[in-house]
Amino acid sequence: MTETANMIIRNGYVFDPLNGIDGEVKDVFIRDGKVVHDLTAAERKEAKVIDALGKTVMPGGVDSHAHVAGAKVNAGRLMRPEDHYKTVRSKTNLTHSGSGYTIPSVYKQGYDYAVMGYTTVFEAAMPPLEARHTHEEMRSTPILDMGAYMVLGNNWFIMRYLREGDIEKAAAYTAWMLRTHKGYGIKCVNPAGVENWGWAQNVHGLDEANIHFEVTPREVIRGLAEVSELLGLPVSLHLHANNMGHPGCWEITRESLKIPEGLQPHSKMDVAWSETKLDPRRQQTVYLAHAQFNSFGGTSWRDFCSGAEGVADYVNQVDHVVIDNGMVPFGPGTAMTGDGPGIHDLYMLSGQKWSNTDVELECGSGVIPWNYLKSSPVNSVQWAMGLELLLLVKDPWKTIMTTDHPNGGVFTKYPEVIAWLMSGKAREDTFKECHKWAQDRSSLGGIDREMNLFEIATITRANQARTIGLAHRKGHLGAGADGDVTVYDLDPTRLDVNDYATIKKAFSRSEYTIKDGRIVASRGDILSVPDGRRFYSSPFVDESLEKDMMADVKEWFKYYTLGFANYPVPDKYLKNPVPIAVNQPLEAVVRR
């Protein structure tokens, strides 16, 4: 495909929530990879023109939570050889070959995302000790702009500083770690509980202290939420709550979301903003990951039910929370998480092959194959819960659509999820195929709401970009945005939501996926393979604070099995690095 410097996407129905554009017929202009108001007469003559008449135009898709790179992802590939033959992408003159369904190879996952219209994807959990591996896999993933949240909820240094009440040192350590390992934000998994798993234990309540460090989940959540705001990180604390995947866990989830209430979110961005109708700055202080897995009701598997209403009711009442749903669309998945005891519980339930890892001084993880069945009482309720969480939260700017890939299901099922959200008939027809618990033990059957294309663009693009602090360049089509655009063969004026097969087909394969002004995919074919960017945070820390903290790090580093010099991620591991600077010195915030 010949590259052109400029592009015009004409006459499409544009859905751009950050700019308040709801299906307006208009042109989108791109110059040198960026969206602009217009092109000059001379530029118009030479620009590549895409006729989007009768088609839906949205910003490039953004996935703010997926497990796509790193040691646990690769462990899943190794332990699941049966996964690889299910889908294969053949090599072409332009592309690599690739295989894998629930855990595709790095090349294939880049192509598969692009075919669906996605251009930006974030890895949800990067252990610092395994950051080099994570960056290697992101570097090898074609097309996509990427970043990774760094796991800190059971880190020895963090727990010690929080036990001592030294939030400044915790912030200084976090800032150094993010710069050292090129991490984007803070991920907190089963806070204080994973450390206990090294001794075959867990924590089960927010005020239960873990062994050795004697800090509670409440202290870790509050402390890391404060650290995130003190440093002015682009994304709020990314929380995987305690007791995830256990009946009744929705209550501890709700209580966990209350902990950061009252924290003042920072409002600075790394660049000036000029032209959106909605404030692009993220305002939350907690981002709840895969809410479906954290919203189980009941007291046992016998009386298991949805607890999504309880979580959604709380989210509707507050403004400091955003959630992604972690949908279960049925079919094979691979559970992989930093929650080691949670994976062990799945192993005890299923007897499946299972892998567990303790990452020294930092965190843990586990991997287990899983298959979600419509005939399963629990799985059928999980399917309903994932939809409840998006449909019961009234404001779509508080919600994000994911499958927690590959935990709830594969990201290539996103089109099917969109069809369920837009079509009540799609949900009714799926109910007929499910175990009756889906109807009896959830509220989904009583929900009439059907999302429109503006709301779909919000929960798959605009709000994802705003939540992770990238709305100055992603998730919208205003001047200055990256030239990431998706054209879908879907005419909004003729849309019949009862014909949900058409919706699913359109979102499964974009008419055009445009990345930085280049067509990268069209109707299932990959036409261009540019290198993506790697976003990471580069927080400022006062030198005296960092010097004091580093003395601690070097003293305790004797407990690691590698040398200190081999710990950081060298710059060479990143292609097209984009550091996100923090404007406000930590010292000024601490003294305020």
Is [Y] close to [X] at the side-chain level, that is, under 4.5 Å between some pair of heavy atoms?
X      : Y      : answer
Ile459 : Ile400 : no
Arg89  : Ile526 : yes
Val73  : Val68  : no
Leu349 : Trp301 : yes
Arg466 : Asn463 : yes
Lys515 : Asp145 : yes
Val235 : Phe122 : no
Val62  : Ile468 : yes

Please check this pair: side chain of [X] against backbone of [Y], looking for a donor-acceptor N/O pair closer than 3.5 Å.
X      : Y      : answer
Asn154 : Ala192 : yes
Asn243 : Ile252 : no
Asp63  : Thr402 : no
Asn242 : Gly205 : no
Asp166 : Tyr161 : no
Ser537 : Pro539 : no
Asn155 : Glu362 : no
Asp83  : Thr102 : yes
Thr216 : Ala209 : no
His405 : Thr412 : no

- Query: Stepwise, does the side-chain contact (heavy atoms from CB on, under 4.5 Å) test hold for Val88 with Ser97?
  - Reply: CA-CA 7 Å; Val88 176; Ser97 61; 5.9 Å; no
Nearest 0.5 Å, please: how far is [atom2] in [Y] from [atom1] in [X]?
X      : Y      : atom1 : atom2 : result
Lys554 : Met549 : NZ    : CE    : 10.0 Å
Leu239 : Lys187 : CG    : NZ    : 9.0 Å
Trp250 : Asn294 : CH2   : CG    : 13.0 Å
His135 : Tyr536 : NE2   : OH    : 9.0 Å
Asn356 : Trp197 : CG    : CH2   : 6.0 Å
Leu373 : Asn379 : CG    : CG    : 5.5 Å

- Message: Does either side chain, that of Tyr173 or that of Asp552, offer a donor lying less than 3.5 Å from an acceptor on the other one?
- Response: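 No donor-acceptor contact under 3.5 Å links the two side chains.
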- Report yes or no: do Ser64 and Tyr287 form a side-chain donor-acceptor pair below 3.5 Å?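 Present: a donor and an acceptor within the cut-off.
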- Message: As a quick check of understanding, evaluate side chain to side chain donor-acceptor pair (under 3.5 Å) for Glu195 and Trp156, giving each step before the final call.
- Response: CA-CA 8 Å; Glu195 173 58 24; Trp156 285 19; 2.9 Å; yes
- Item | Arg160/Glu555 ion pair, N-O < 4.0 Å |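 No, this pair does not count.
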- SB check Arg139 Glu137 (cutoff 4.0 Å):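 A salt bridge is absent here (no side-chain N lies under 4.0 Å from a carboxylate O).
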More than 12 heavy atoms of other residues, nucleotides or ligands under 6.0 Å from [atom1] of [X]: is that the case?
X      : atom1 : result
Tyr372 : OH    : yes
Lys91  : NZ    : yes
Lys547 : NZ    : no
Glu543 : CD    : no

- Message: Applying side-chain contact (heavy atoms from CB on, under 4.5 Å) to Ile143 and Thr119, what does each step give before you reach the verdict?
- Response: CA-CA 7 Å; Ile143 302 172; Thr119 57; 5.6 Å; no
- Query: Do Arg461's NZ or CZ and the ring of Tyr118 fall within the cation-pi criteria of under 6.0 Å and 45°?
  - Reply: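 The answer is yes, since Arg461 meets both limits relative to Tyr118.
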Shortest non-hydrogen contact from [X] to [Y]?
X      : Y      : value
Ile259 : Arg222 : O-NH1, 3.3 Å
Asn325 : Gly386 : ND2-O, 3.1 Å
Phe411 : Met116 : O-CE, 3.4 Å
Gln292 : Met385 : O-CE, 3.1 Å
Leu129 : Tyr567 : CD1-CE1, 3.9 Å
Pro329 : Gly408 : CD-O, 3.3 Å

- Item | Chi angles and distances behind the side-chain contact (heavy atoms from CB on, under 4.5 Å) call for Asn407, His290 | CA-CA 9 Å; Asn407 285 279; His290 42 66; over 6 Å; no
- Could you walk me through whether Leu162 and Ile167 pass side-chain contact (heavy atoms from CB on, under 4.5 Å), step by step? CA-CA 6 Å; Leu162 294 180; Ile167 195 71; 4.0 Å; yes
- Query: Ring centroid separation for His246 and His204, is it under 6.0 angstrom?
  - Reply: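 No, the ring of His246 stays outside the 6.0 Å limit from the ring of His204, centre to centre.
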- Audit row: Asp571, Lys182, salt bridge (charged side-chain N to carboxylate O under 4.0 Å, His left out) steps and yes/no: CA-CA 9 Å; Asp571 291 341; Lys182 312 299 190 292; 3.4 Å; yes
- So Glu123 and Lys72, salt bridge (charged side-chain N to carboxylate O under 4.0 Å, His left out) or not? Walk me through it. CA-CA 11 Å; Glu123 163 56 43; Lys72 72 178 180 301; 3.3 Å; yes
- Please walk me through it: do Glu130 and Arg132 pass salt bridge (charged side-chain N to carboxylate O under 4.0 Å, His left out)? CA-CA 6 Å; Glu130 296 169 348; Arg132 289 191 182 199; over 6 Å; no
- From CA spacing to verdict: salt bridge (charged side-chain N to carboxylate O under 4.0 Å, His left out), Lys474, Asp482: CA-CA 6 Å; Lys474 301 290 183 184; Asp482 290 347; 3.0 Å; yes
Does the plane of the ring in [X] sit parallel, tilted or perpendicular to the ring in [Y]? Use 30° and 60° as the thresholds.
X      : Y      : result
Trp556 : Tyr559 : perpendicular
Phe564 : Phe557 : perpendicular
His67  : His65  : perpendicular
Tyr111 : Tyr107 : parallel
Phe296 : Phe304 : perpendicular

